[in-house]
Amino acid sequence: MPLLGCIADDFTGATDLANTLVKGGMTAVQVIGVPKGPLPDADAVIVALKSRTAPVAEAVAESLAACDALLAAGAKQIFFKYCSTFDSTDAGNIGPVADALVKRLDCGFALANPAFPTNGRTVFQGHLFVGDKLLNESGMENHPLTPMRDANLVRVLGRQTDGTVKLIPLSVVEQGATILRHTMTGLKESGWRYAIVDAVTDAHLVAIGEAAADHALITGGSGIAMGLPGNFRAKGLLPDRGEAAATLPPMQGHAAVVAGSCSRATLGQIGYARDHAHTLELDVLATPDAAALAAQALDWAGGKLGDHPVVIAASAPPEKVAALQAKLGRDAAGALVEQAVATIAEGLVARGVKRLVVAGGETSGAVVSRLGVASLRIGPEIDPGVPWTYAEPTGLHLALKSGNFGARDFFLKAFGV
Ligand SMILES: Nc1ncnc2c1ncn2[C@@H]1O[C@H](COP(=O)(O)OP(=O)(O)O)[C@@H](O)[C@H]1O
Ligand SMILES: O=C(O)[C@@H](O)C(=O)COP(=O)(O)O
């Protein structure tokens with residue numbers, strides 16, 4: 001029976017959250033899509049949806065179905081995971097999904113906190129920073145699907161919900177878990193539906209997590225989950241599993257990286273790979289045809305596969321993304337590239353690749369679905385927020401890398417080369 005039931009709005013986000021929980025000593029399994037049968041045996045089950053950019057009604061329906069499955073399996077608390085850069089549009093989907101979950105759980109109130117200080121995401125006075133930049137100046141203003149042009153999360157969430165949003169400032173957070181718990185209870189009793197809670201350090205996140213020990217619903221990034229294993233341990237529900245929680249079968253087979261993320265970190269990692277690995281950068285604008293791009297990539301990869309990773313990227317800088325979107329439309333451009341990358345991944349696996357890094361959240365969704373993965377067991381962390389995983393029933397080792405995560409050498413470091 002899972003202690004914590006999680007609903008993640010994309011696949012890399014799900015892995016990121018699972019990674020945090022495993023580091024806290026919980027076993028965690030990521031299930032792909034709304035579970036149809038019995039849930040795997042783990043302290044935390046994370047249902048990975050591709051709901052971040054889905055139509056609102058679909059995102060809400062799938063999230064509720066996931067919530068019902070987790071509750072039916074006995075989950076004691078529900079966690080709605082979204083991006084540490086609050087990726088969404090004014091139509092949703094963070095607000096509408098959270099609204100629906102608050103209603104389903106009949107809890108009236110939920111905190112909202114995307115902070116992830118280790119990866120540079122902090123929230124101060126309700127404003128989200130990426131490193132020393134406000135969210136809307138961080139590169140996220142150019143995201144192909146969810147451009148973030150406002151850093152004030154009280155305002156951003158306010159536009160997406162029919163409920164009310166209040167700020168809990170750092171001055172309150174710094175007073176610790178007890179004061180925080182009372183503050184949140186007070187807001188709930190006064191009819192506020194959400195609180196954006198400031199946090200700039202891990203200690204803040206742990207305190208917020210502790211204060212929310214008895215909340216039916218927590219919403220946020222993976223950072224806010226840091227305090228949750230301790231809550232279950234304090235209640236005597238979670239044994240101390242230590243590092244055993246992150247054990248995977250040994251790795252084997254050829255190594256490869258496929259990238260569809262156009263985020264700054266991924267573009268930097270591709271730049272590094274150019275000098276250190278066989279790297280193919282597809283020109284999607286010149287060949288806007290998924291099958292042709294895949295054929296080109298697989299032809300190129302032939303003979304290069306082995307222990308040293310090949311890197312195949314469809315990613316492009318903002319001006320090229322904008323040009324393709326102008327030609328095809330935003331959604332069709334994204335879908336074309338996702339199709340191409342998924343076909344490439346499938347072809348690489350058919351050619352003996354068994355260790356695969358996928359860069360990009362939407363991209364990971366497309367690849368994992370195409371490969372027929374049902375669930376991912378979470379293993380050791382490569383870089384903050386990105387662990388290796390073992391994919392059932394395929395027997396592949398996959399690392400699903402959020403666009404903006406990972407050091408510049410991530411594509412090599414993942415394979416220990
Ligand atoms: N060259 C390109 N032109 C237009 N869109 C692209 C290009 N390369 C990738 N994309 C699309 O951009 C989106 C990137 O989103 P995602 O994979 O979630 O990355 P991230 O994790 O960086 O947000 C995907 O839909 C992908 O198909
Ligand atoms: O919280 C995060 O930043 C990640 O877990 C995440 O969700 C990233 O999404 P993508 O950048 O779309 O991979």
Q | Backbone of Glu338 reached by a side-chain donor or acceptor of Thr363 within 3.5 Å | A | no
**Q.** Note: Asp9-Lys50 ion pair, threshold 4.0 Å (strictly below)
**A.** no
Q.
If the test is side-chain contact (heavy atoms from CB on, under 4.5 Å), which one of Val31, Ile32, Ile7 qualifies with Leu49?
A. Ile7
Can you give me every donor-acceptor pair (side chain of residues 294-308, partner residue at least two apart or in another chain, under 3.5 Å) with its distance?
from, atom 1, to, atom 2, distance (Å)
Lys304, NZ, Trp300, O, 2.7
Asp307, OD1, Arg355, NH2, 3.1
His308, NE2, His276, O, 3.0

Q.
Between the side chains of Glu381 and Lys23, is the shortest nitrogen-to-carboxylate-oxygen separation below 4.0 Å, so that they form an ion pair?
A. yes
Q: Could you verify whether a donor N or O on one side chain and an acceptor N or O on the other, from Thr27 and Asp43, lie under 3.5 Å apart?
A: yes
Q. Run the side-chain contact (heavy atoms from CB on, under 4.5 Å) check on Met140 and Asn404 step by step: do they pass?
A. CA-CA 9 Å; Met140 281 306 297; Asn404 267 316; 3.7 Å; yes
Q) Leu217 and Phe80: side-chain contact (heavy atoms from CB on, under 4.5 Å), yes or no, with the steps? A) CA-CA 7 Å; Leu217 174 67; Phe80 171 35; 4.3 Å; yes
Q: Might you work through the ring-ring contact (aromatic ring centres under 6.0 Å, His included) test for Phe410 and Phe415, ending with a clear yes or no?
A: CA-CA 9 Å; Phe410 184 91; Phe415 300 99; 8.7 Å; no
Q | Between Thr219 and Tyr82: side-chain donor-acceptor atoms closer than 3.5 Å | A | yes
Q. Can we say Arg149 and Glu141 salt-bridge, meaning some charged N sits less than 4.0 Å from an Asp/Glu carboxylate O?
A. no
Q.
Pair Asp99, Thr161 - check side-chain hydrogen bond (donor to acceptor under 3.5 Å, both in side chains), show working.
A. CA-CA 7 Å; Asp99 286 346; Thr161 171; 2.8 Å; yes
Q: Please report the C-alpha distance between Cys83 and Arg52 in whole Å, then the side-chain angles of each, then the deciding distance to 0.1 Å, and finally whether the side-chain contact (heavy atoms from CB on, under 4.5 Å) criterion is met.
A: CA-CA 9 Å; Cys83 192; Arg52 188 173 291 175; 3.4 Å; yes
Q | Distance-only polar pair, side chains of Ser88 and Gln160, donor-acceptor under 3.5 Å | A | yes
Could you list the donor-acceptor pairs under 3.5 angstrom formed by side chains in residues 314-333, with sequence neighbours left out?
from, atom 1, to, atom 2, distance (Å)
Ser315, OG, Ser261, O, 2.7
Gln325, NE2, Pro144, O, 2.9
Arg330, NH1, Leu145, O, 2.6

(Q) The test is side-chain hydrogen bond (donor to acceptor under 3.5 Å, both in side chains); show your working for Arg370 and Thr343 and say whether it passes. (A) CA-CA 8 Å; Arg370 179 69 71 84; Thr343 308; 3.1 Å; yes
Q: Using a strict cut-off of less than 4.0 Å between a Lys/Arg side-chain nitrogen and an Asp/Glu carboxylate oxygen, indicate whether Lys401 and Asp16 qualify as a salt bridge.
A: no
(Q) My understanding is that only one of Ile208, Val206, Thr118 makes a side-chain contact (heavy atoms from CB on, under 4.5 Å) with Met226; could you say which? (A) Val206
Q) So, Asp10 and Lys81, do they make that salt bridge, N to O below 4.0 Å? A) no
Q) Any idea which heavy atoms bring Ser369 and Phe11 closest together, and the distance? A) OG-CE2, 4.1 Å
Q) Is the closest side-chain donor-acceptor distance between Gln30 and Thr15 under 3.5 Å? A) yes
**Q.** Steps toward side-chain contact (heavy atoms from CB on, under 4.5 Å) verdict (Leu4, Cys6)
**A.** CA-CA 6 Å; Leu4 187 66; Cys6 311; 3.7 Å; yes
Q. If you measure only the distance, is there a donor-acceptor pair under 3.5 Å linking the side chains of Thr287 and Asp289?
A. no
Q) So which heavy atom on Ala18 is nearest to which on Ile378, and how close? A) CB-CG1, 3.3 Å
Q: Can you see which heavy atom on Ala73 is nearest to which on Pro2, and at what distance?
A: O-CD, 3.5 Å
Q: Using the side-chain contact (heavy atoms from CB on, under 4.5 Å) rule, pick out the option among Thr146, Leu128, Val123 that qualifies with Phe86.
A: Leu128
Q) Quick one: does Asp283's side chain have a donor or acceptor within less than 3.5 Å of a partner on Ala286's backbone? A) yes
Q. Which distance, rounded to the nearest 0.5 Å, do you find between the OG1 of Thr20 and the CD1 of Ile224?
A. 11.0 Å
Q. Taking everything shown except Asp41 itself, do over 12 heavy atoms lie less than 6.0 Å from its CG?
A. no
